Amino acid sequence: MDVFNRVKEFAEENTTWLAIVLVTGTGLITLRRWMAGGVCRSKARLDGKTALITGANTGIGKETAVDLAARGARVILACRDMGRANPAADEIRKRSGNGNVVVKQLNLSSLQSVRALAADVMATEERLDILINNAGIMMCPKWETEDGFEMQFGVNHLGHFLLTNSLLDLLKKSVPSRVVNVSSLAHEKGKIHFDDINLDKDYDPMKSYRQSKLANVLFSRELAKRLEGTGVTVYSLHPGVIRTELGRHLWPTIALWKRLFFQPLMLLIKSPWEGAQTTISCAVDESLENTSGLYYRLAEMLLIQQIQHKHTQDVQICVCLQ
């Protein structure tokens with residue numbers, strides 16, 4: 001009883017502070033749940049189907065691979081670093097309970113590597129039901145791909161553009177099949193710089209990233225139009241702000257005091273599993289099987305159609321670059 005009275009006295013003496021703590025705690029929990037977004041509710045099975053995911057050795061790519069493998073799919077991990085991809089494949093097999101997970105090398109900054117992977121898949125795989133263009137690079141210095149393209153545009157768009165077109169015959173053979181392009185909300189402020197596609201005149205890491213993500217969305221729209229009636233559907237998406245390695249080039253450029261300030265806030269943003277839910281939904285959700293070319297963000301599966309008319313003129317470059 002004495003303990004109860006002490007607690008009661010403490011509560012009465014600190015009513016204001018306790019109320020602040022309660023409101024703050026409730027607010028943080030609510031914010032965290034909102035930041036997490038929705039969850040893919042589809043129970044679709046993928047037995048007998050094959051999925052290829054680029055950049056699947058880490059982050060949302062790996063979580064997507066675990067989910068699709070758990071649904072029974074044969075999952076191909078297309079990764080640049082085989083030293084990291086093979087252990088990731090072992091983890092995916094263990095977590096999903098599916099041993100049919102294979103690793104193939106893919107360096108998206110080399111068009112030769114993209115062609116080699118596509119040729120391998122076309123020669124060895126009987127079908128391809130789901131292609132997920134997930135790999136990406138963000139906010140890197142002014143680097144060039146093996147073929148002389150600006151790195152972010154080359155990896156995020158051109159590599160996936162070539163891979164997708166090289167695998168179209170197999171995707172058509174396996175209909176109904178899907179192409180899922182992981183883009184970003186950053187596309188909204190993006191612009192395709194026709195007169196300086198490699199941004200040689202005025203390189204800025206964010207400007208480059210936005211251009212590459214807009215290219216993903218525009219490519220998805222135009223590809224969907226060209227594949228209309230074939231049984232191959234196309235989706236682009238914003239996965240959200242996620243705790244992954246994607247920001248590895250950005251984080252060191254931020255002042256130390258800012259990093260210390262933002263570090264606690266990192267607990268509020270999405271985990272890789274939460275971030276993968278939009279990709280998974282676009283890959284398997286039965287309700288989307290008759291839609292194509294749209295852009296998604298998962299907030300209780302909210303469909304966002306935010307592709308502005310001012311970007312329509314940019315479609316051609318995202319489809320026709322050789």
Side-chain angles (χ1 to χ4, degrees), residues 40-56 61 64-78 96 98 100-102 104 106 114-135 157 159-183 216-237 276-296 298 301 303 305 307 315 318-320:
C40 177
R41 304 294 182 185
S42 172
K43 303 299 182 183
R45 295 290 305 173
L46 300 175
D47 303 285
K49 296 188 176 184
T50 298
L52 187 153
I53 308 170
T54 66
T64 301
V66 171
D67 184 278
L68 301 192
R71 295 172 186 268
R74 170 178 169 79
V75 179
I76 302 170
L77 315 181
S96 67
N98 181 352
N100 199 3
V101 176
V102 298
K104 294 184 183 289
L106 170 66
V114 174
R115 291 188 179 99
L117 172 70
D120 180 6
V121 172
M122 293 294 290
T124 61
E125 300 295 329
E126 295 183 357
R127 60 185 305 113
L128 181 60
D129 303 271
I130 303 169
L131 171 61
I132 300 178
N133 293 317
N134 163 81
H157 173 59
H160 284 131
F161 166 84
L162 178 60
L163 179 64
T164 303
N165 280 280
S166 298
L167 295 174
L168 276 183
D169 286 344
L170 191 56
L171 285 161
K172 290 176 181 177
K173 177 184 173 183
S174 311
V175 293
S177 54
R178 303 188 185 193
V179 176
V180 180
N181 294 317
V182 179
S183 181
N216 293 155
V217 176
L218 297 175
F219 174 48
S220 300
R221 286 189 69 190
E222 183 65 18
L223 185 63
K225 292 178 182 177
R226 298 192 179 202
L227 292 176
E228 189 174 354
T230 66
V232 182
T233 48
V234 188
Y235 312 81
S236 61
L237 63 99
Q277 297 304 304
T278 319
T279 305
I280 296 167
S281 293
C282 289
V284 306
D285 196 307
E286 304 92 330
S287 67
L288 305 183
E289 62 187 7
N290 294 320
T291 65
S292 188
L294 299 183
Y295 168 80
Y296 295 84
L298 197 62
M301 206 48 206
L303 172 61
Q305 300 181 50
I307 306 167
V315 172
C318 299
V319 178
C320 300

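All residue numbers refer to positions in the sequence shown, counting from 1. Quick caveat: nothing in here was measured; it's all calculated off a predicted structure.
- Without hydrogens or angle criteria, N133 side chain to V179 main chain gives no donor-acceptor distance under 3.5 Å.
- Interatomic distance, L128 CG to L171 CG, rounded to the nearest 0.5 Å: 4.5 Å.
- For E126, the CD atom counts as loosely surrounded, since its 6.0 Å shell holds 12 or fewer non-hydrogen atoms of other residues, nucleotides or ligands.
- Summarising the geometry of H157 relative to F219, their closest heavy-atom pair is CE1-CB, 3.8 Å, with the distance given to 0.1 Å.
- Ion pairing of R71 with D67 is present here, as a side-chain N (NZ or NE/NH1/NH2) and a carboxylate O approach within less than 4.0 Å.
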One pair to check against side-chain contact (heavy atoms from CB on, under 4.5 Å): V175 and V232. What are the steps and the verdict? CA-CA 6 Å; V175 293; V232 182; 3.8 Å; yes
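- Side chain of D129 to backbone of A51: no donor-acceptor contact under 3.5 angstrom is found.
- Taking each heavy atom of A56 and A65 in turn, the nearest pair found is CB-CB, 4.5 Å.
- Side-chain N or O atoms of R178 include one that pairs as donor or acceptor with a backbone N or O of C282 at under 3.5 Å.
- Considering every non-hydrogen atom in both L170 and E125, the closest pair reads CD1-O, 3.9 Å.
- The main-chain N or O of F161 is found under 3.5 Å from a side-chain atom of N165 such that the two form a donor-acceptor pair.
- The two residues I130 and A283 make their nearest non-hydrogen contact at CD1-O, 3.7 Å.
- Atom CD of E228 has 12 or fewer neighbouring heavy atoms from other residues, nucleotides or ligands inside a 6.0 Å radius.
- In this model, no donor atom of one side chain and acceptor atom of the other lie less than 3.5 Å apart for T233 and E289.
- Residues S166 and L162 come closest through the heavy atom pair OG-O, 2.8 Å.
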Taking it one step at a time, do R226 and L168 satisfy side-chain contact (heavy atoms from CB on, under 4.5 Å)? CA-CA 11 Å; R226 298 192 179 202; L168 276 183; over 6 Å; no
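- For N134, the side-chain contact (heavy atoms from CB on, under 4.5 Å) criterion is met by I53, T54, I60, I132, V182, not counting sequence neighbours.
- S174 contributes no side-chain N or O that, together with a main-chain N or O of R127, makes up a donor-acceptor pair within less than 3.5 Å.
- Not one N or O on the side chain of Y295 forms a donor-acceptor pair closer than 3.5 Å with the backbone of S183.
- Between L288 and S281, the shortest heavy-atom contact is CD1-O, 3.7 Å.
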